[in-house]
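Contents: one structure, followed by commentary.
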Protein chains: 2
Amino acid sequence: MATLKDVARKAGLSVTQVSRALNNHSDVSARTREHVQAVARSLGYQPNLSARKLVSGRSGMVGLVVPRSPDLASDGLFMEVVAGLSTHFSAREMQFVVHVAQEGEPILPVYRRLIGNGALDGFVLIDPEDNDERAAFLTELDVPFVVHGRIGENPVHPYFDIENESIFFELTDHLLSLGHRRIALLNGVEGRSYVGARLRGYLRALAGAGVDADKAITRNCKMTEAFGLVSTVDLFSPGGDAPTAIICGNVRIAKGVYQALQALGLTVPGDVSVMAHDDHLGNLQTAAFYPALSVTDAPLRDSWEPLAGCLADAITGAPLSKLQLIGSHQFRFRRSTAAPQS
Amino acid sequence: MATLKDVARKAGLSVTQVSRALNNHSDVSARTREHVQAVARSLGYQPNLSARKLVSGRSGMVGLVVPRSPDLASDGLFMEVVAGLSTHFSAREMQFVVHVAQEGEPILPVYRRLIGNGALDGFVLIDPEDNDERAAFLTELDVPFVVHGRIGENPVHPYFDIENESIFFELTDHLLSLGHRRIALLNGVEGRSYVGARLRGYLRALAGAGVDADKAITRNCKMTEAFGLVSTVDLFSPGGDAPTAIICGNVRIAKGVYQALQALGLTVPGDVSVMAHDDHLGNLQTAAFYPALSVTDAPLRDSWEPLAGCLADAITGAPLSKLQLIGSHQFRFRRSTAAPQS
DNA sequence: TAACAAATCCGAAACGTTTCGGATTGTGAT
DNA sequence: ATCACAATCCGAAACGTTTCGGATTTGTTA
């Protein structure tokens with residue numbers, strides 16, 4: 001491998017100046033810079049990350065640590081996350097790597113190892129929980145990280161997130177404004193921070209309309225088609241106080257809900273209004289639902305670019321105010337909502 | 001982070017001796033070694049990989065590069081591979097990381113980048129193909145790697161593999177010995193090296209029994225249930241020269257075959273004998289098939305330990321003869337095979 | 001006791017990079 | 001001619017580790 005010294009010799013300059021030229025420092029003339037870059041290219045020079053890390057403290061490698069779990073593998077989510085992040089870190093000349101922890105292995109020591117030996121500059125945290133130990137740990141150790149989502153009410157960490165609270169407020173509010181008073185919420189697994197945010201949005205809308213929330217019609221589970229299906233069957237079981245509308249955490253759930261409603265002989269939106277949040281996972285076309293599904297639309301895949309940028313900036317020491325990013329979302333009203341039957 | 005110098009000071013020794021003590025070198029007394037280790041532990045010392053890499057040329061990090069692909073994510077295979085390798089490299093105090101290349105991105109430049117900046121010591125190659133460019137490239141650059149499988153007839157690279165050729169020879173031979181003469185083979189995707197090996201074993205057995213191979217009844221495809229199902233339907237389509245036995249590349253295929261046969265009103269093993277190779281993926285219980293499926297048994301999960309060991313040894317410069325490992329397999333004859341109907 | 005080998009230790013150099021402080025030019029104003 | 005100043009360059013030190021060659025101590029044998 002060609003080293004800086006090789007480039008310096010061939011360019012007839014000092015190692016110092018070559019380094020500065022390649023890193024776009026100020027005190028190197030344009031002519032020299034171009035010359036050095038040309039020479040470096042011709043030699044196929046690549047900076048040695050270890051050497052760089054040793055002196056500058058940065059290696060340009062960042063990582064994602066995931067616990068081994070059958071869930072992660074099964075849906076396409078994991079690959080989507082990894083590929084998306086990989087792409088956008090590459091674009092920033094950073095290496096993105098994944099470390100899979102063993103099942104049941106405590107996760108903090110894994111981070112400690114990865115940090116201790118100085119291989120990685122920072123981390124991306126996904127699936128944050130309400131009191132996320134990883135975030136606390138990394139904050140404590142002063143290691144840069146970015147969270148996909150927010151932890152707590154007033155987060156003091158870098159993040160990229162969508163307005164889950166607002167989204168579910170608006171979803172609920174729309175149904176309320178149509179006249180619905182009994183609105184079911186099929187939410188994700190308890191403990192995840194976005195699940196809490198969504199619930200808060202839902203409850204705030206209900207409270208605003210003076211409607212009492214009923215715990216019997218908000219459910220938490222992994223967001224699958226099966227969840228939507230069995231929940232719906234259960235919600236409409238005879239003798240129960242069935243809802244007139246259902247809000248789904250994602251489109252997969254909505255698919256299950258549609259199936260169950262059809263099986264139960266109930267129509268959308270005649271008997272039941274259905275809405276969902278659409279993260280564009282699992283290529284379910286919400287417009288192709290029958291009737292077309294009304295959704296809030298915020299593709300998950302729009303997260304990776306800001307996340308990568310955020311971590312990159314966090315590592316270079318940008319102020320927190322520049323590291324708290326919010327993604328946009330859109331309402332797409334279609335045909336799955338209507339006023340409730342009297 | 002505590003450095004070697006810190007440990008040396010606290011232990012009252014030179015940096016040199018501390019390094020030697022921690023790395024189990026010869027010329028350090030047992031008493032010193034223990035003392036040093038105790039001090040290191042008390043300080044939470046972790047060697048800096050970058051510094052180590054710089055001088056010794058080894059960082060203790062190895063990697064797997066996978067192209068982004070929807071396939072990989074969907075079946076549990078990818079997670080199984082990653083988790084297995086991760087586990088066994090950890091046990092060897094090595095860090096195992098995954099790099100996902102972008103879809104359609106040429107793979108060699110990715111390796112070049114990863115090697116050039118000196119982050120990784122070696123690679124694990126999975127899904128080798130007949131003329132694998134990655135292996136050629138890494139050999140050329142003299143970068144250690146280990147292949148899960150073999151490339152070519154007389155491989156000159158480190159590998160761990162099972163005897164695919166023998167396994168499919170024996171599978172075929174068994175059916176031949178029962179009297180079958182028309183044996184279908186549902187193989188994996190063409191180009192993969194193990195697929196070629198399996199075909200060779202099958203053909204050698206047929207040739208040994210003086211049976212002409214018929215290309216019409218050997219099929220190549222991704223090894224899914226659907227493949228088994230549609231192939232079977234096709235093989236037994238009216239007017240065709242149907243086989244009396246089917247060999248499946250894995251159990252998933254066999255499941256599809258069973259389904260199709262049942263739908264077609266054909267019995268196992270009365271009308272058709274079925275065998276498969278079982279890699280224990282996708283927790284399909286072969287003994288729970290009805291009738292219980294006869295298989296060759298070689299759990300894929302037994303591969304990760306030897307693969308990790310092999311790469312570790314390759315990096316430390318072990319001779320090739322110690323780096324070519326073969327896994328064992330077992331025959332499990334159950335109730336899915338019988339002599340063909342006259 | 002002298003000589004020698006083995007066991008145990010250490011200083012210094014090296015790996016490839018960044019960066020601090022200073023050195024060397026060239027330019028224009030005095 | 002002198003000075004100030006910017007623009008452009010360079011030497012040397014530093015990062016944390018391993019390793020080479022040699023130094024010191026200890027034990028053994030003549």
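Just so it is clear: chains get the letters A, B, ... in the order the sequence lines come, proteins before strands, and each one is counted from 1. Side chains are part of it too, since the values below use all heavy atoms of this structure and drop only hydrogens, waters and symmetry mates.
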Qualifying residues under side-chain contact (heavy atoms from CB on, under 4.5 Å), relative to Pro106(A), sequence neighbours excluded: Pro109(A)

Nucleotide dT17(D), atom P - distance to CG of Asn48(B) in whole Å: 6 Å

Please write out each protein N/O paired with an N/O of nucleotides 24-26 of chain D under 3.5 Å, distance rounded to 0.1 Å.
none

Arg52(A) CZ - dT17(C) C1' separation (whole Å): 8 Å

Restricting to nitrogen or oxygen on both sides, can you table the protein-nucleotides 12-14 of chain C pairs closer than 3.5 Å?
| unit_1 | atom_1 | unit_2 | atom_2 | d |
| --- | --- | --- | --- | --- |
| dA12(C) | N6 | Thr16(B) | OG1 | 3.2 |

Whichever of Thr32(A) and Pro47(B) has its nearest DNA chain D nucleotide further upstream toward 5': Thr32(A)

Euclidean distance, atom CZ of residue Arg20(B) to atom C1' of dT17(D) [Å, nearest integer]: 13 Å

Inter-axis angle, terminal five-pair segments of the helix from dT1(C)-dA30(D) to dT30(C)-dA1(D) [nearest 10°]: 60°

What protein N or O atoms touch nucleotides 4-7 of chain D N or O atoms at under 3.5 angstrom, if any, and at what distances?
none

Qualifying ring-ring contact (aromatic ring centres under 6.0 Å, His included) pairs with a residue from residues 117-148 of chain B, counting only residues at least two apart or across chains: Tyr111(B)-Phe123(B), His148(B)-Trp304(B)

List the atom pairs, with distances to 0.1 Å, where a side-chain N or O of residues 51-64 of chain B and a protein N or O form a donor-acceptor pair under 3.5 Å, not counting sequence neighbours.
| unit_1 | atom_1 | unit_2 | atom_2 | d |
| --- | --- | --- | --- | --- |
| Lys53(B) | NZ | Gly57(B) | O | 3.3 |
| Lys53(B) | NZ | Gly118(B) | O | 3.3 |
| Ser56(B) | OG | Arg52(B) | O | 2.8 |
| Ser56(B) | OG | Arg58(B) | N | 3.2 |
| Ser56(B) | OG | Arg58(B) | O | 3.4 |
| Ser59(B) | OG | Met61(B) | N | 3.2 |
| Ser59(B) | OG | Ala119(B) | O | 3.1 |
| Ser59(B) | OG | Asp121(B) | OD1 | 3.2 |

Ser86(B) (side chain) donor-acceptor with Val100(A) (main chain) under 3.5 angstrom: yes

Minimal non-hydrogen separation, Leu125(B) against Ala135(B), with atom names: CD2-N, 3.8 Å

Val28(B): side-chain contact (heavy atoms from CB on, under 4.5 Å) partners, not counting sequence neighbours: Gln17(B), Ala21(B), Thr32(B), Arg33(B)

Pairs touching residues 308-326 of chain A that satisfy side chain to side chain donor-acceptor pair (under 3.5 Å), sequence neighbours left out: none

Would you give me the side-chain donor-acceptor pairs under 3.5 Å for residues 39-46 of chain A, sequence neighbours excluded?
| unit_1 | atom_1 | unit_2 | atom_2 | d |
| --- | --- | --- | --- | --- |
| Ser42(A) | OG | Lys10(A) | NZ | 3.3 |
| Ser42(A) | OG | Val39(A) | O | 2.8 |
| Gln46(A) | NE2 | Arg113(B) | O | 3.2 |

Closest nucleotide among dC10(C), dT17(D), dT19(C) to the Gln17(B) side chain: dC10(C)

For atom NZ of Lys53(B) and atom P of dT18(D), their distance in whole Å: 14 Å

Side chain to side chain donor-acceptor pair (under 3.5 Å) pairs, two or more places apart, involving residues 128-137 of chain A: Asp132(A)-Arg134(A)

Members of residues 1-14 of chain B that approach DNA chain C, where some heavy atom sits under 4.0 Å away: Leu13(B), Ser14(B)

